[in-house]
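Residues: numbered from 1 along the sequence shown. Since the structure is predicted, the reported quantities are computational estimates derived from the model, not experimental observations.
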Amino acid sequence: MTGTNGYDAFEGAGELLRALSAPIRLAIVSELAQGERCVHELVEKLGAPQPLVSQHLRVLRGAGVVRGSRRGREIAYALVDEHVAHIVADAVSHAGEGP
């Protein structure tokens, strides 16, 4: 570990976990693990209102978890790194194991 307090190496991990802390963001990451999706596809799959999905995509994009690329009039979102999909899948699996 580097830095004066010994926790500097964990700051990035903490920021990532904060970005993933909302259940809908976990669901978005899980869906994007299957391939890139436009907002309307995520809205349909998740059953959430479009403004809510867009808001959470902005958080994920700001955290560097997803990227958007223009596809005609739409923006297609994809995961920046597949490691995040594994983190989410492992967390969901662990939560399903019970106490």
*Check whether Val80 and Ile75 end up in the same hydrophobic cluster, where Ile, Leu, Val, Met, Phe, Trp and Tyr are linked by side-chain heavy atoms less than 4.5 Å apart.*
no
_Non-hydrogen atoms of Leu46 and Ala27 that approach each other most closely_ = CD2-CB, 3.6 Å
*What's the shortest heavy-atom distance between Val53 and Ala48, and which atoms?*
CG2-CB, 3.8 Å
*How long is the gap from CD on Glu31 to CG on Leu79, to the nearest 0.5 Å?*
10.5 Å
_Partner of His40 by side-chain hydrogen bond (donor to acceptor under 3.5 Å, both in side chains), out of Glu74, Lys45, Gln50_ = Glu74
_Rounded distance [0.5 Å steps], NE2 in His56 versus CG in Leu26_ = 10.5 Å
_Exercise: identify the closest heavy-atom pair between Ser30 and Val88_ = OG-CG1, 3.4 Å
*Given the rule that I, L, V, M, F, W and Y join up when any side-chain heavy atoms are under 4.5 Å apart, are Leu52 and Val66 in one cluster?*
yes
_Linked, directly or transitively: Val92 and Val65 (ILVMFWY side chains, under 4.5 Å)_ = yes
*Verify same cluster id: Ile24, Val43 (apolar side-chain graph, 4.5 Å)*: yes
*Which heavy atom in Cys38 sits nearest to a heavy atom in Ala76, and how many Å separate them?*
SG-CA, 4.2 Å
*Find the distance between CZ (Arg61) and CZ (Arg58) and round it off to the nearest 0.5 Å.*
9.0 Å
*Check Glu11 against Arg18 and note the closest heavy-atom contact, atom names and distance.*
O-NH2, 4.4 Å
*If every non-hydrogen atom of Ala85 is compared with every non-hydrogen atom of Val29, which pair is closest and at what distance?*
CA-CG1, 4.1 Å
*Would you check if the side chain of Arg67 reaches a backbone N or O of Tyr77 as a donor-acceptor pair within less than 3.5 Å?*
no
*What distance separates Leu32 CG from Glu41 CD, expressed to the nearest 0.5 Å?*
10.0 Å
*Can you find a heavy atom in the side chain of Leu57 that is under 4.5 Å from one in the side chain of Leu42?*
yes
*Can you sort out the partners of Ser21 under side-chain contact (heavy atoms from CB on, under 4.5 Å), two or more places apart, ordered by chain and number?*
Arg25
